[in-house]
Amino acid sequence: MSEILEKVYDPGRIEEKWYRFWEKHGLFTARADGSRPPYCIVIPPPNITGSLHMGHALNNTLQDILIRWKRMQGCDALWMPGTDHAGIATQNVVERMLAQEGADRHQVGREAFIDRVWRWKEESGGMIISQLKRLGCSCDWSRERFTMDEGLSRAVREVFVRLHEEGLIYQGDYIINWCPRCQTALADLEVEHEPKDGHLYHIKYPLEGREGGVVVATTRPETLLGDTAVAVNPDDPRYQGLHGATLRLPILGRKIPLITDPHVSLEFGTGALKVTPAHDFNDFEIARRHHLPAVQALDERGRMTEAAGKYEGLDRFACREKILKDLKSDGLLVKVETYSHAVGHCYRCRTVVEPLISKQWFVAVKSLAEPALDAVRQGRIRLIPEAWEKSFFDWMLNIRDWCISRQIWWGHRIPAWTCEACGRVTVAREDPAACPRCGDRRLVQETDVLDTWFSSALWPFSTLGWPDDTPELRLFYPTNVLVTAFDILFFWVARMMMMGLHCVGEVPFREVYIHALVRDAEGQKMSKSKGNIVDPLELMDAYGTDAFRFSLAAFAAMGRDIRLSEERVVGYRNFVNKVWNASRFTLMNLADFEPDRPDALPLSEVERWLMSRLQEVSGAVGAHLEAYQFDQAAHVLYQFIWHEFCDWYLEFSKPALAPGVDEVRRHHSQRVLADLLGAILRLLHPFMPFITEEIWHKLPGAAGSIMTAPYPVGDPALMDPAAEAEMGLVMEAVTAIRNLKAEMNVPAAAAVEVAVLSDSAQALAMLERHAGAVRLLARVQTLSWNPDGGPPAASAKAVLAAPGGGSVELLMPLAGLIDFREEERRLNREMDKLSREMAQAQKKLANEDFLAKAPAEVVAREQERLATFTEKLGKLKQHQKRLRALLG
RNA sequence: GGGCGGAUAGCUCAGUUGGGAGAGCAUCGGCCUUACAAGCCGGGGGUCACAGGUUCGAAUCCUGUUCCGCCUACCA
């Protein structure tokens with residue numbers, strides 16, 4: 001026998017070959033000519049600093065499944081790829097490189113630094129792209145974009161200027177989150193709050209001109225150096241006589257007022273709140289209400305300023321210790337409690353962020369949020385699963401202005417120029433040569449750059465060519481679906497909605513499929529610091545990309561975290577190997593197949609059964625993909641291919657495929673087998689692109705790439721309930737006989753006789769038609785049909801329900817094979833089980849309310865069940881009686 | 001503080017309108033049956049977290065409790 005395929009599938013060789021083939025033949029490239037229905041997904045652009053992690057692998061596998069599926073359905077499928085310049089993260093990477101050389105960016109200078117970043121990007125920034133290719137992603141690389149490339153930068157500038165003209169972008173001094181390490185402002189979202197065990201310090205502020213004082217409670221004693229008031233609730237009885245009093249700030253002795261503000265809680269701490277407008281968000285608001293001055297006690301590096309007096313130059317945490325010591329010696333530290341509270345950290349570098357007052361650029365998002373809210377409310381954008389809508393609404397309704405300026409160099413520089421002569425700020429699409437107000441040519445451009453998410457927010461239309469009116473934009477916008485994890489729902493998805501609606505006037509995507517987060521096998525979020533990262537590339541190396549992708553799809557149940565278990569990947573690797581071997585079997589049997597030779601035979605019963613199942617499975621896979629139920633789609637395919645096609649169909653087909661017996665029948669079976677395998681490969685292709693392409697090219701009659709072959713859809717005309725019923729009975733009979741043998745400890749290979757008894761002529765006819773298959777698969781030597789005089793009493797018996805009513809009894813004579821007592825024990829077990837189920841059904845049917853109120857079909861089904869149980873049990877009882885008589 | 005999600009077989013998890021508890025792995029027993037030992041055949045295993053309620057009927061809907069996870073928030 002000629003070895004067409006290796007015995008075990010070896011993915012390594014094949015994957016690279018086919019990816020090159022696809023790229024070479026331009027199979028990923030969208031036509032964008034309107035000749036086919038468009039289907040478009042924009043990739044969530046990975047950071048250029050990143051390398052492929054599990055989140056990427058899942059996210060992109062799901063997108064590729066959708067894109068390959070739609071492409072096979074005949075759509076002009078565009079998967080728009082690209083990367084994100086990741087301002088802070090990328091700058092950090094290059095700064096670290098400089099630090100190793102003993103330099104910093106200020107020594108190098110802005111221009112040279114940016115050159116350096118570009119150089120780094122060219123050398124190392126493409127890693128994730130090659131990793132996506134390794135994963136099999138069928139992105140249209142001919143259209144790959146980068147947030148800092150020329151076209152996208154133009155889109156960024158256009159949007160900035162437009163929003164500024166509309167008064168939706170403004171500049172001003174406000175309190176913002178500041179990262180003292182990255183040296184830049186952060187948006188609220190970029191601050192991650194972590195619970196931290198700290199202390200609540202009770203500090204006494206002495207009253208000016210009278211005895212006593214007011215005790216405040218704070219977690220950050222060092223900020224008292226910037227206090228400009230103490231506030232109490234106006235209704236707090238403890239402080240009624242003190243409103244308007246003057247207090248002396250500890251250590252510095254500065255005089256500050258005691259004010260009242262309803263914001264202050266009566267319950268918390270002492271009811272007295274120290275007000276530090278320059279270093280606390282609430283205090284900033286209070287100060288605005290009361291026109292209090294702000295004293296900046298901390299600088300941009302987190303060190304104390306000269307306003308801190310003798311503490312000037314100290315680091316904020318060192319200062320805290322020093323101040324506590326000084327307060328103690330002054331007798332002003334009244335009490336220290338342990339206290340757990342949330343502390344904000346920079347999402348890029350984990351440094352504790354510092355609220356600071358600073359001049360920054362902001363987007364007024366309220367008016368942008370409203371249309372996005374409406375789009376979701378009206379269903380023009382659908383969030384899937386829907387449960388996310390609530391979070392989305394909550395966030396959008398409480399949205400605060402978005403701080404978009406960053407004090408870094410790598411990014412889109414804000415297109416604003418200040419005139420050195422008259423101070424006028426000009427915001428323009430083109431770099432201005434002179435001040436439009438006074439004509440002076442001494443213009444200084446804003447040094448800040450924009451938040452990376454500002455350019456990401458434009459991604460669905462900037463990548464399609466906006467602000468130009470391109471064919472791509474016309475054809476593919478709005479895109480069909482955005483596939484993402486929930487952790488960037490606010491960061492990115494919401495902002496794309498706002499920008500898309502505002503700039504293009506239409507939603508950026510019609511659906512948002514929000515998938516789970518990948519965690520490790522213990523359910524922990526993967527992170528470098530925990531050391532629990534599972535590298536997707538290692539899994540691909542070990543088990544093959546197809547197995548890995550199929551695993552991810554199978555894991556992707558909606559609305560739940562995924563725990564990555566390597567054992568399951570092994571399981572799906574085995575499935576891939578099963579597909580390989582079923583193909584190997586098929587191809588071995590097709591070695592002499594002539595695809596063009598006519599085949600006059602109609603489909604056999606077995607073939608009609610599997611064809612029927614194939615239609616149902618095809619329909620189900622399509623419906624599941626349509627609903628983003630990737631796990632269900634994978635599961636349906638797995639069950640069908642392994643447990644119906646391989647376990648049963650291939651076994652059934654063996655006799656007809658035997659060479660030299662009936663060549664006409666053999667040729668017919670070959671043709672059907674080739675068709676079936678072709679359909680299975682096509683169904684699997686979006687999940688397992690590599691192995692399916694490899695086998696497709698060896699399959700007689702298959703032409704071109706499987707990528708362009710039509711995806712099977714269920715054809716109702718090929719559904720065949722009669723064939724399904726018939727084969728159902730046959731398979732049940734085979735299983736029942738195998739079961740009798742196994743339970744009776746009869747060797748599987750033993751030549752046994754089986755007598756079939758039935759009151760159903762139809763059932764008998766069905767089994768007789770497939771007698772050969774039953775004998776082969778159940779390993780029975782002879783079958784007898786309703787034998788005269790009945791079968792011997794000394795038998796093991798199984799009872800099946802016949803499809804049209806009645807029953808089928810299978811009797812296997814035990815004489816000389818086993819101990820009858822074993823059969824008695826087995827019978828008891830079986831009868832116990834049946835009795836339990838029967839009692840359940842009887843109880844239901846005895847309930848008059850059930851008969852009266854349950855739908856007729858439910859009642860009928862229950863009656864049918866009861867009848868079946870009763871019949872089976874009766875037959876088994878009778879058998880038991882005869883057996884007992886025999887045993888004495 | 002507010003919100004969301006989860007608790008189903010030893011493990012990891014499905015279970016879409018309420019109507020016969022499932023899969024994979026693990027486990028036990030038997031098989032080199034000429035595609036596959038990464039395999040084949042067969043078996044065992046669950047008070048669906050707990051307590052109430054609605055219903056003829058609840059893993060599924062409602063209320064409450066416990067435990068776990070996440071998001072979000074201006075009580076310092």
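Owing to the predicted nature of the structure, the values given are computational and were not obtained by experimental measurement.
- Going from the C1' atom of B:G3 to that of B:A76 covers 24 Å, rounded to whole Å.
- Going from the C1' atom of B:U16 to that of B:G69 covers 25 Å, rounded to whole Å.
- Going from the C1' atom of B:C68 to that of B:A21 covers 25 Å, rounded to whole Å.
- We find that OH of A:Tyr339 is positioned 7 Å from C1' of B:A76, with the value rounded to whole Å.
- Taking the six-membered ring for Trp and the full ring otherwise, A:Phe392 and A:Trp388 have centroids separated by 6.0 Å or more.
- Regarding A:Ile286, its CD1 atom lies at a distance of 12 Å from the P atom of B:C75, rounded to whole Å.
- Residue A:Asn739 is in sugar-phosphate contact alone, with no base atom involved, counting any heavy-atom pair closer than 4.0 Å across all strands shown.
- For the pair A:Glu830 and A:Lys833, the salt-bridge criterion is not met [side-chain N within less than 4.0 Å of a carboxylate O].
- A:Lys578 has a side-chain polar atom (N or O) that falls below the 4.0 Å cut-off from OP1 or OP2 of B:C40.
- Taking the P atom of each, B:G1 and B:U8 are spaced 27 Å apart, rounded to whole Å.
- Taking the P atoms as reference points, B:G24 lies 13 Å from B:G43, given to the whole Å.
- Under the Watson-Crick or G-U wobble criterion, with both distances below 3.5 Å, B:C11 is paired with B:G24.
- Distance A:Ile641 CD1 to B:A38 P: 21 Å, rounded to the nearest Å.
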Please encode protein proximity along nucleotides 18-24 of chain B as a string of B, S and -, counting only heavy-atom distances under 4.0 Å.
-BB--SS
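- Across all strands shown, B:C67 forms a Watson-Crick or G-U wobble pair, both distances under 3.5 Å, with B:G6.
- Across all strands shown, nothing is found opposite B:G18 as a Watson-Crick or G-U wobble partner with both distances under 3.5 Å.
- The partner of B:G46 is absent, by the rule that a Watson-Crick or G-U pair needs both atom distances under 3.5 Å.
- Taking side-chain N and O atoms only, A:Lys654 has no distance below 4.0 Å to OP1 or OP2 of B:U33.
- Here A:Lys833 reaches the OP1 or OP2 of B:G44: one of its side-chain N or O atoms lies under 4.0 Å away.
- Among the protein residues, A:His263 comes within range of the nucleic acid bases, having at least one heavy atom under 4.0 Å from a base atom.
- For A:Phe687 and A:Tyr572, the ring centers are positioned 6.0 Å apart or more.
- Taking 4.0 angstrom as the limit, A:Asn589 places none of its side-chain polar atoms (N or O) nearer than this to OP1 or OP2 of B:A35.
- Look at the P atom in both B:U47 and B:C11: the space between them is 13 Å, to the nearest Å.
- Pair check for B:G39 finds B:C31; Watson-Crick or G-U wobble, both atom distances under 3.5 Å.
- For B:A38, neither phosphate oxygen OP1 nor OP2 lies less than 4.0 angstrom from any side-chain nitrogen or oxygen of A:Asn581.
- Phosphate contact (OP1/OP2 of B:A35, side-chain N/O of A:Tyr9, threshold under 4.0 Å): absent.
- Here A:Trp388 does not reach the OP1 or OP2 of B:C70: none of its side-chain N or O atoms lies under 4.0 Å away.
- Salt-bridge annotation for A:Arg861 and A:Glu864: absent, with no side-chain N of the basic residue lying under 4.0 Å from a carboxylate O of the acidic one.
- For the C1' atoms, the distance linking B:A14 with B:A9 amounts to 13 Å, nearest Å.
- A:Gly271 comes within 4.0 angstrom of a nucleotide base, judged by non-hydrogen atoms across all strands.
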